[in-house]
K.L.:
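Please find one structure pasted underneath; my questions will follow.
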2 protein chains.
Amino acid sequence: MSKSVNAGAQRDAAKPTGEIGLGELENHLGYFVRRLQHWIFRDVNAALAAVELDVILYSILETIAANPGTTQIAVAGALGIERARMVGLLDDLQQSGLIVRERSEQDRRAHALGLTPRGRMILKKANVAVAAHEKRVARRLGAGNYRRALTALSQFEMD
Amino acid sequence: MSKSVNAGAQRDAAKPTGEIGLGELENHLGYFVRRLQHWIFRDVNAALAAVELDVILYSILETIAANPGTTQIAVAGALGIERARMVGLLDDLQQSGLIVRERSEQDRRAHALGLTPRGRMILKKANVAVAAHEKRVARRLGAGNYRRALTALSQFEMD
DNA sequence: TATTGTTATACTCTATAACTATA
DNA sequence: TATAGTTATAGAGTATAACAATA
(Lines give C-alpha, C1' and ligand atoms only; values in the text may rest on other atoms or scores of the structure.)
Protein backbone atom coordinates (compact mmCIF):
# COMPACT_ATOMS: atom_id res chain seq x y z
CA MET A 1 0.00 0.00 0.00
CA SER A 2 3.05 2.24 -0.15
CA LYS A 3 2.22 5.36 -2.11
CA SER A 4 4.86 7.01 -4.23
CA VAL A 5 6.40 10.22 -3.05
CA ASN A 6 4.27 12.51 -5.17
CA ALA A 7 1.17 10.37 -5.39
CA GLY A 8 -2.16 11.74 -4.30
CA ALA A 9 -1.87 15.15 -5.91
CA GLN A 10 -3.53 14.38 -9.20
CA ARG A 11 -6.87 12.68 -9.22
CA ASP A 12 -7.63 13.23 -12.89
CA ALA A 13 -5.06 10.70 -14.10
CA ALA A 14 -6.18 7.88 -11.84
CA LYS A 15 -7.61 5.50 -14.42
CA PRO A 16 -4.73 3.51 -15.93
CA THR A 17 -2.93 2.22 -12.88
CA GLY A 18 -4.45 4.13 -10.01
CA GLU A 19 -1.03 4.71 -8.50
CA ILE A 20 1.07 6.89 -10.78
CA GLY A 21 0.34 8.95 -13.89
CA LEU A 22 1.56 8.11 -17.36
CA GLY A 23 1.92 11.53 -18.98
CA GLU A 24 1.70 11.59 -22.77
CA LEU A 25 1.17 7.83 -22.87
CA GLU A 26 -2.48 8.42 -21.99
CA ASN A 27 -2.96 10.16 -25.35
CA HIS A 28 -1.41 7.34 -27.38
CA LEU A 29 -3.48 4.58 -28.91
CA GLY A 30 -0.48 2.25 -28.84
CA TYR A 31 -0.37 2.30 -25.05
CA PHE A 32 -3.99 1.20 -24.70
CA VAL A 33 -3.67 -1.34 -27.50
CA ARG A 34 -0.70 -2.95 -25.79
CA ARG A 35 -2.48 -2.94 -22.44
CA LEU A 36 -5.60 -4.58 -23.85
CA GLN A 37 -3.59 -7.04 -25.91
CA HIS A 38 -1.77 -8.18 -22.79
CA TRP A 39 -5.00 -8.80 -20.88
CA ILE A 40 -6.66 -10.55 -23.80
CA PHE A 41 -3.62 -12.76 -24.35
CA ARG A 42 -3.65 -14.04 -20.80
CA ASP A 43 -7.42 -14.50 -20.64
CA VAL A 44 -7.80 -16.32 -23.94
CA ASN A 45 -4.85 -18.60 -23.24
CA ALA A 46 -6.34 -19.49 -19.88
CA ALA A 47 -9.63 -20.29 -21.63
CA LEU A 48 -7.92 -22.42 -24.29
CA ALA A 49 -5.89 -24.40 -21.77
CA ALA A 50 -9.03 -26.50 -21.22
CA VAL A 51 -8.56 -27.96 -24.73
CA GLU A 52 -4.75 -27.98 -24.52
CA LEU A 53 -4.32 -25.14 -27.03
CA ASP A 54 -2.98 -21.62 -26.93
CA VAL A 55 -4.16 -18.67 -29.01
CA ILE A 56 -1.58 -19.23 -31.73
CA LEU A 57 -2.39 -22.91 -32.23
CA TYR A 58 -6.09 -22.03 -32.13
CA SER A 59 -5.64 -19.33 -34.77
CA ILE A 60 -3.82 -21.77 -37.03
CA LEU A 61 -6.58 -24.37 -36.62
CA GLU A 62 -9.28 -21.82 -37.38
CA THR A 63 -7.43 -20.55 -40.45
CA ILE A 64 -6.98 -24.07 -41.80
CA ALA A 65 -10.67 -24.76 -41.16
CA ALA A 66 -11.60 -21.67 -43.16
CA ASN A 67 -9.17 -22.58 -45.98
CA PRO A 68 -8.92 -26.36 -46.33
CA GLY A 69 -5.98 -27.41 -48.50
CA THR A 70 -4.08 -24.17 -47.91
CA THR A 71 -0.31 -24.11 -47.45
CA GLN A 72 2.00 -23.36 -44.52
CA ILE A 73 3.22 -20.14 -46.15
CA ALA A 74 -0.32 -18.88 -46.69
CA VAL A 75 -1.29 -19.50 -43.07
CA ALA A 76 1.97 -17.98 -41.83
CA GLY A 77 1.39 -14.87 -43.96
CA ALA A 78 -2.21 -14.49 -42.84
CA LEU A 79 -1.32 -14.70 -39.15
CA GLY A 80 2.03 -12.88 -39.18
CA ILE A 81 4.02 -15.92 -38.11
CA GLU A 82 7.49 -16.66 -39.52
CA ARG A 83 7.42 -19.71 -41.76
CA ALA A 84 10.37 -21.11 -39.81
CA ARG A 85 8.32 -21.03 -36.64
CA MET A 86 5.26 -22.43 -38.36
CA VAL A 87 7.07 -25.76 -38.79
CA GLY A 88 7.26 -26.48 -35.08
CA LEU A 89 3.73 -25.24 -34.40
CA LEU A 90 2.31 -27.54 -37.07
CA ASP A 91 4.44 -30.38 -35.70
CA ASP A 92 2.65 -29.90 -32.38
CA LEU A 93 -0.79 -29.89 -34.00
CA GLN A 94 0.07 -32.94 -36.05
CA GLN A 95 1.42 -34.89 -33.09
CA SER A 96 -1.79 -34.04 -31.22
CA GLY A 97 -3.71 -35.56 -34.12
CA LEU A 98 -5.52 -32.34 -35.00
CA ILE A 99 -4.20 -31.69 -38.52
CA VAL A 100 -2.83 -33.57 -41.52
CA ARG A 101 -0.04 -32.48 -43.84
CA GLU A 102 -0.23 -33.95 -47.33
CA ARG A 103 1.95 -33.16 -50.30
CA SER A 104 0.08 -30.91 -52.69
CA GLU A 105 -0.60 -32.52 -56.06
CA GLN A 106 -0.36 -29.20 -57.89
CA ASP A 107 2.97 -28.25 -56.31
CA ARG A 108 4.93 -31.05 -54.75
CA ARG A 109 7.03 -28.60 -52.71
CA ALA A 110 3.98 -27.51 -50.75
CA HIS A 111 1.95 -29.14 -48.00
CA ALA A 112 -1.83 -29.14 -48.24
CA LEU A 113 -3.15 -28.62 -44.71
CA GLY A 114 -6.37 -30.01 -43.33
CA LEU A 115 -8.12 -30.80 -40.06
CA THR A 116 -8.67 -34.31 -38.79
CA PRO A 117 -12.10 -35.23 -37.35
CA ARG A 118 -10.53 -34.80 -33.92
CA GLY A 119 -9.18 -31.41 -35.04
CA ARG A 120 -12.68 -30.31 -35.99
CA MET A 121 -14.04 -31.50 -32.66
CA ILE A 122 -11.36 -29.72 -30.65
CA LEU A 123 -11.79 -26.56 -32.72
CA LYS A 124 -15.51 -26.58 -32.00
CA LYS A 125 -14.81 -26.78 -28.27
CA ALA A 126 -12.14 -24.09 -28.60
CA ASN A 127 -14.59 -21.76 -30.31
CA VAL A 128 -17.00 -22.17 -27.41
CA ALA A 129 -14.22 -21.25 -24.97
CA VAL A 130 -13.14 -18.27 -27.09
CA ALA A 131 -16.73 -17.05 -27.41
CA ALA A 132 -16.93 -16.99 -23.60
CA HIS A 133 -13.66 -15.08 -23.55
CA GLU A 134 -15.03 -12.52 -26.02
CA LYS A 135 -18.00 -11.99 -23.73
CA ARG A 136 -15.65 -11.30 -20.84
CA VAL A 137 -13.82 -8.71 -22.95
CA ALA A 138 -17.12 -7.13 -23.99
CA ARG A 139 -18.42 -6.99 -20.43
CA ARG A 140 -15.18 -5.46 -19.14
CA LEU A 141 -15.02 -2.92 -21.95
CA GLY A 142 -18.74 -2.22 -22.07
CA ALA A 143 -20.94 -3.52 -24.87
CA GLY A 144 -20.90 -0.26 -26.81
CA ASN A 145 -17.16 0.19 -26.50
CA TYR A 146 -16.59 -3.40 -27.54
CA ARG A 147 -18.70 -3.01 -30.67
CA ARG A 148 -17.11 0.33 -31.56
CA ALA A 149 -13.59 -1.00 -30.96
CA LEU A 150 -14.22 -4.07 -33.12
CA THR A 151 -15.62 -1.94 -35.95
CA ALA A 152 -12.86 0.65 -35.77
CA LEU A 153 -9.90 -1.71 -35.44
CA SER A 154 -11.14 -4.08 -38.14
CA GLN A 155 -10.86 -1.23 -40.63
CA PHE A 156 -7.13 -0.78 -40.12
CA GLU A 157 -5.21 -1.41 -43.35
CA MET A 158 -1.96 -3.27 -42.74
CA ASP A 159 -0.19 -3.25 -46.11
CA MET B 1 -21.68 -9.52 -40.75
CA SER B 2 -20.15 -11.79 -43.38
CA LYS B 3 -17.58 -14.36 -42.46
CA SER B 4 -15.89 -13.89 -45.85
CA VAL B 5 -15.24 -17.54 -46.38
CA ASN B 6 -13.70 -17.80 -49.83
CA ALA B 7 -14.82 -21.37 -50.33
CA GLY B 8 -11.69 -22.64 -52.00
CA ALA B 9 -12.50 -21.30 -55.46
CA GLN B 10 -9.18 -19.52 -55.74
CA ARG B 11 -5.99 -21.40 -55.13
CA ASP B 12 -3.46 -18.59 -55.42
CA ALA B 13 -0.62 -20.00 -53.37
CA ALA B 14 1.74 -17.40 -54.80
CA LYS B 15 1.00 -14.45 -52.51
CA PRO B 16 2.56 -14.59 -49.04
CA THR B 17 -0.28 -12.65 -47.45
CA GLY B 18 -2.68 -14.09 -50.00
CA GLU B 19 -6.40 -13.74 -49.94
CA ILE B 20 -7.33 -16.41 -47.48
CA GLY B 21 -10.12 -16.07 -45.00
CA LEU B 22 -9.71 -16.12 -41.25
CA GLY B 23 -12.98 -17.68 -40.16
CA GLU B 24 -14.09 -16.86 -36.62
CA LEU B 25 -10.97 -14.77 -36.06
CA GLU B 26 -12.65 -11.93 -37.93
CA ASN B 27 -15.23 -11.68 -35.14
CA HIS B 28 -12.65 -11.52 -32.37
CA LEU B 29 -11.36 -8.24 -31.00
CA GLY B 30 -8.11 -9.91 -29.94
CA TYR B 31 -7.17 -10.66 -33.54
CA PHE B 32 -7.48 -7.03 -34.59
CA VAL B 33 -5.80 -5.77 -31.44
CA ARG B 34 -2.82 -8.00 -32.06
CA ARG B 35 -2.67 -6.96 -35.71
CA LEU B 36 -2.74 -3.25 -34.89
CA GLN B 37 -0.31 -3.66 -32.02
CA HIS B 38 2.18 -5.29 -34.35
CA TRP B 39 2.00 -2.45 -36.90
CA ILE B 40 2.18 0.24 -34.21
CA PHE B 41 5.17 -1.43 -32.57
CA ARG B 42 7.19 -1.41 -35.77
CA ASP B 43 6.19 2.11 -36.76
CA VAL B 44 6.83 3.76 -33.40
CA ASN B 45 10.17 2.01 -32.97
CA ALA B 46 11.25 3.19 -36.41
CA ALA B 47 10.25 6.73 -35.41
CA LEU B 48 12.11 6.53 -32.09
CA ALA B 49 15.30 5.19 -33.67
CA ALA B 50 16.10 8.79 -34.60
CA VAL B 51 16.68 9.54 -30.90
CA GLU B 52 18.21 6.13 -30.17
CA LEU B 53 15.23 4.93 -28.13
CA ASP B 54 12.63 2.22 -28.49
CA VAL B 55 9.05 2.31 -27.28
CA ILE B 56 9.84 0.67 -23.96
CA LEU B 57 12.67 3.04 -23.06
CA TYR B 58 10.51 5.96 -24.21
CA SER B 59 7.60 4.81 -22.03
CA ILE B 60 9.90 4.59 -19.03
CA LEU B 61 11.26 8.10 -19.65
CA GLU B 62 7.76 9.53 -20.02
CA THR B 63 6.56 7.79 -16.86
CA ILE B 64 9.51 9.11 -14.86
CA ALA B 65 8.89 12.59 -16.26
CA ALA B 66 5.26 12.41 -15.10
CA ASN B 67 6.29 11.08 -11.66
CA PRO B 68 9.66 12.52 -10.66
CA GLY B 69 11.19 10.69 -7.69
CA THR B 70 9.18 7.53 -8.30
CA THR B 71 10.68 4.07 -7.82
CA GLN B 72 11.65 1.22 -10.15
CA ILE B 73 8.84 -0.95 -8.84
CA ALA B 74 6.23 1.74 -9.42
CA VAL B 75 7.33 2.30 -13.02
CA ALA B 76 7.53 -1.44 -13.65
CA GLY B 77 4.03 -1.92 -12.28
CA ALA B 78 2.59 0.95 -14.30
CA LEU B 79 4.05 -0.33 -17.58
CA GLY B 80 3.70 -4.07 -17.02
CA ILE B 81 7.43 -4.73 -17.04
CA GLU B 82 9.04 -7.29 -14.74
CA ARG B 83 11.17 -5.58 -12.11
CA ALA B 84 14.04 -7.91 -12.98
CA ARG B 85 14.00 -6.62 -16.54
CA MET B 86 13.63 -3.01 -15.40
CA VAL B 87 17.15 -3.16 -13.98
CA GLY B 88 18.81 -3.59 -17.36
CA LEU B 89 16.53 -1.08 -19.08
CA LEU B 90 17.35 1.58 -16.48
CA ASP B 91 21.04 0.69 -16.79
CA ASP B 92 20.78 1.57 -20.49
CA LEU B 93 19.04 4.87 -19.80
CA GLN B 94 21.57 5.73 -17.10
CA GLN B 95 24.56 4.91 -19.27
CA SER B 96 23.06 7.11 -22.00
CA GLY B 97 22.93 9.93 -19.45
CA LEU B 98 19.15 10.27 -19.59
CA ILE B 99 18.19 9.38 -16.02
CA VAL B 100 19.59 9.42 -12.50
CA ARG B 101 19.10 6.82 -9.78
CA GLU B 102 19.45 8.13 -6.23
CA ARG B 103 18.78 6.30 -3.00
CA SER B 104 15.45 7.37 -1.58
CA GLU B 105 15.72 9.16 1.77
CA GLN B 106 12.35 7.85 2.93
CA ASP B 107 13.15 4.23 2.09
CA ARG B 108 16.81 3.39 1.65
CA ARG B 109 15.97 0.19 -0.21
CA ALA B 110 14.41 2.17 -3.07
CA HIS B 111 15.85 4.26 -5.88
CA ALA B 112 14.35 7.67 -6.58
CA LEU B 113 14.29 8.09 -10.36
CA GLY B 114 14.66 11.35 -12.24
CA LEU B 115 15.51 12.73 -15.67
CA THR B 116 18.75 14.54 -16.43
CA PRO B 117 18.61 17.76 -18.49
CA ARG B 118 19.70 15.64 -21.45
CA GLY B 119 16.93 13.17 -20.64
CA ARG B 120 14.36 15.95 -20.75
CA MET B 121 15.75 17.17 -24.07
CA ILE B 122 15.69 13.71 -25.65
CA LEU B 123 12.20 13.05 -24.31
CA LYS B 124 10.96 16.27 -25.90
CA LYS B 125 12.34 15.15 -29.26
CA ALA B 126 10.90 11.67 -28.74
CA ASN B 127 7.46 13.12 -28.11
CA VAL B 128 7.64 15.00 -31.42
CA ALA B 129 8.50 11.75 -33.20
CA VAL B 130 5.73 9.85 -31.40
CA ALA B 131 3.18 12.56 -32.21
CA ALA B 132 4.02 12.12 -35.90
CA HIS B 133 3.58 8.37 -35.46
CA GLU B 134 0.16 8.88 -33.87
CA LYS B 135 -0.87 10.94 -36.89
CA ARG B 136 0.16 8.08 -39.16
CA VAL B 137 -1.97 5.68 -37.13
CA ALA B 138 -4.90 8.10 -37.23
CA ARG B 139 -4.64 8.61 -40.98
CA ARG B 140 -4.43 4.88 -41.65
CA LEU B 141 -7.33 4.09 -39.32
CA GLY B 142 -9.41 7.11 -40.27
CA ALA B 143 -9.82 10.07 -37.95
CA GLY B 144 -13.20 8.95 -36.62
CA ASN B 145 -12.08 5.39 -36.04
CA TYR B 146 -8.93 6.60 -34.31
CA ARG B 147 -10.89 8.79 -31.93
CA ARG B 148 -13.47 6.07 -31.23
CA ALA B 149 -10.76 3.44 -30.69
CA LEU B 150 -8.84 5.67 -28.29
CA THR B 151 -11.98 6.46 -26.31
CA ALA B 152 -13.18 2.87 -26.19
CA LEU B 153 -9.87 1.20 -25.38
CA SER B 154 -8.92 3.76 -22.73
CA GLN B 155 -11.99 2.68 -20.76
CA PHE B 156 -10.81 -0.90 -20.36
CA GLU B 157 -10.38 -1.81 -16.71
CA MET B 158 -7.30 -3.91 -16.08
CA ASP B 159 -7.60 -4.73 -12.36
C1' DT C 1 8.89 -11.46 7.88
C1' DA C 2 8.21 -8.50 3.73
C1' DT C 3 9.96 -5.46 0.12
C1' DT C 4 13.47 -3.11 -3.35
C1' DG C 5 16.79 -3.85 -6.27
C1' DT C 6 19.75 -7.21 -8.24
C1' DT C 7 21.65 -11.45 -10.48
C1' DA C 8 20.93 -15.78 -12.68
C1' DT C 9 18.41 -19.20 -15.30
C1' DA C 10 15.27 -21.10 -18.51
C1' DC C 11 11.88 -20.89 -21.85
C1' DT C 12 9.48 -18.55 -25.60
C1' DC C 13 9.32 -15.40 -29.58
C1' DT C 14 11.53 -13.16 -33.49
C1' DA C 15 14.67 -12.67 -37.20
C1' DT C 16 18.07 -14.70 -40.19
C1' DA C 17 20.72 -17.73 -42.85
C1' DA C 18 21.36 -21.86 -45.14
C1' DC C 19 19.98 -26.33 -46.83
C1' DT C 20 16.58 -29.82 -49.70
C1' DA C 21 13.47 -30.76 -53.01
C1' DT C 22 10.93 -29.20 -56.14
C1' DA C 23 9.36 -25.63 -59.75
C1' DT D 1 16.73 -18.95 -60.36
C1' DA D 2 13.00 -18.94 -57.31
C1' DT D 3 9.89 -21.01 -53.90
C1' DA D 4 7.98 -24.33 -49.86
C1' DG D 5 9.43 -26.44 -46.21
C1' DT D 6 13.00 -27.39 -42.90
C1' DT D 7 16.91 -26.85 -39.64
C1' DA D 8 19.93 -24.11 -36.89
C1' DT D 9 21.33 -20.08 -34.42
C1' DA D 10 21.38 -15.62 -32.09
C1' DG D 11 18.93 -11.87 -29.96
C1' DA D 12 15.07 -10.17 -27.53
C1' DG D 13 11.12 -10.75 -24.20
C1' DT D 14 9.01 -13.17 -20.24
C1' DA D 15 8.74 -15.67 -15.99
C1' DT D 16 10.97 -17.46 -11.85
C1' DA D 17 13.93 -18.10 -8.11
C1' DA D 18 17.24 -16.62 -5.00
C1' DC D 19 20.04 -13.21 -2.62
C1' DA D 20 21.58 -8.66 0.04
C1' DA D 21 20.20 -4.56 2.12
C1' DT D 22 16.60 -2.45 4.37
C1' DA D 23 11.99 -2.00 6.33
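Labels below follow one simple rule: chain letters A, B, ... track the order of the sequence lines, proteins then strands, and each chain is numbered from 1.
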K.L.:
For nucleotides 18-23 of chain D, list the nitrogen or oxygen atoms of the protein found under 3.5 Å from its nitrogen or oxygen atoms, one pair per line.
P.N.:
{"residue": "D:dA23", "atom": "OP1", "partner": "B:Arg108", "partner atom": "N", "Å": "2.9"}

K.L.:
Taking atom C1' of D:dA4 as reference, at what distance in whole Å does atom CG of A:Leu90 sit?
P.N.:
12 Å

K.L.:
Using atom NE2 of B:His111 as one end and atom P of C:dT4 as the other, report the distance to the nearest whole Å.
P.N.:
13 Å

K.L.:
For B:Arg35 and A:Phe156, indicate whether the former's side chain and the latter's backbone hold a donor-acceptor pair under 3.5 Å.
P.N.:
yes

K.L.:
Between A:Arg85 and B:Val87, who's closer to the 5' end of DNA chain C by nearest nucleotide?
P.N.:
B:Val87

K.L.:
Rounded to whole angstrom units, what separation is found between the CG atom of B:Asp92 and the P atom of D:dG13?
P.N.:
10 Å

K.L.:
C:dT16, C:dT14, C:dA8: which one has an atom nearest the side-chain heavy atoms of A:Ala84?
P.N.:
C:dT16

K.L.:
What is the distance, to the nearest angstrom, from the CD1 atom on A:Ile99 to the P atom on D:dG5?
P.N.:
11 Å

K.L.:
Would you tabulate the side-chain donor-acceptor contacts of residues 41-57 of chain B under 3.5 Å, counting partners in other chains and residues two or more places apart, or write 'none'?
P.N.:
{"residue": "B:Asp43", "atom": "OD1", "partner": "B:Arg136", "partner atom": "NE", "Å": "3.2"}
{"residue": "B:Asp43", "atom": "OD2", "partner": "B:His133", "partner atom": "ND1", "Å": "2.7"}
{"residue": "B:Asp43", "atom": "OD2", "partner": "B:Arg136", "partner atom": "NE", "Å": "3.0"}
{"residue": "B:Asp43", "atom": "OD2", "partner": "B:Arg136", "partner atom": "NH2", "Å": "3.0"}
{"residue": "B:Asn45", "atom": "OD1", "partner": "B:Val55", "partner atom": "N", "Å": "2.8"}
{"residue": "B:Asn45", "atom": "ND2", "partner": "B:Phe41", "partner atom": "O", "Å": "3.3"}
{"residue": "B:Asp54", "atom": "OD1", "partner": "B:Ile56", "partner atom": "N", "Å": "3.1"}
{"residue": "B:Asp54", "atom": "OD1", "partner": "B:Leu57", "partner atom": "N", "Å": "2.9"}

K.L.:
Base, sugar-phosphate or nothing for B:Glu82? Non-hydrogen atoms, less than 4.0 Å.
P.N.:
base

K.L.:
Under 3.5 Å, is there a donor-acceptor pair between the B:Arg83 and B:Gln72 side chains?
P.N.:
no

K.L.:
Answer yes or no: is there a donor N or O on one side and an acceptor on the other, between the side chain of B:Arg103 and the main chain of B:Arg108, under 3.5 Å?
P.N.:
yes

K.L.:
Calculate the interatomic distance between A:Gln37 atom CD and D:dG13 atom P; express it in whole Å.
P.N.:
15 Å

K.L.:
Side-chain donor-acceptor pair under 3.5 Å between A:Glu62 and A:Asn127, yes or no?
P.N.:
yes

K.L.:
Toward the 5' end of DNA chain D, which comes first, A:Arg42 or A:Arg101, by nearest nucleotide?
P.N.:
A:Arg101

K.L.:
Quickly work out the A:Gln72 CD to D:dT3 P distance and round it to whole Å.
P.N.:
17 Å

K.L.:
Which sits closer to the 5' end of DNA chain D, B:Leu89 or A:Asp91, going by the nucleotide each is nearest to?
P.N.:
A:Asp91

K.L.:
Please examine the side chains of B:Arg140 and B:Tyr146, heavy atoms only from C-beta on, and report whether any two atoms are closer than 4.5 Å.
P.N.:
no

K.L.:
Roughly, in whole Å, what's the span from CG in B:Leu79 to P in D:dT14?
P.N.:
12 Å

K.L.:
C:dA23 P sits how many Å from A:Ile73 CD1, rounded?
P.N.:
15 Å

K.L.:
Please check: side-chain N/O of B:Asn67 versus main-chain N/O of A:Gly21, any donor-acceptor pairing under 3.5 Å?
P.N.:
yes

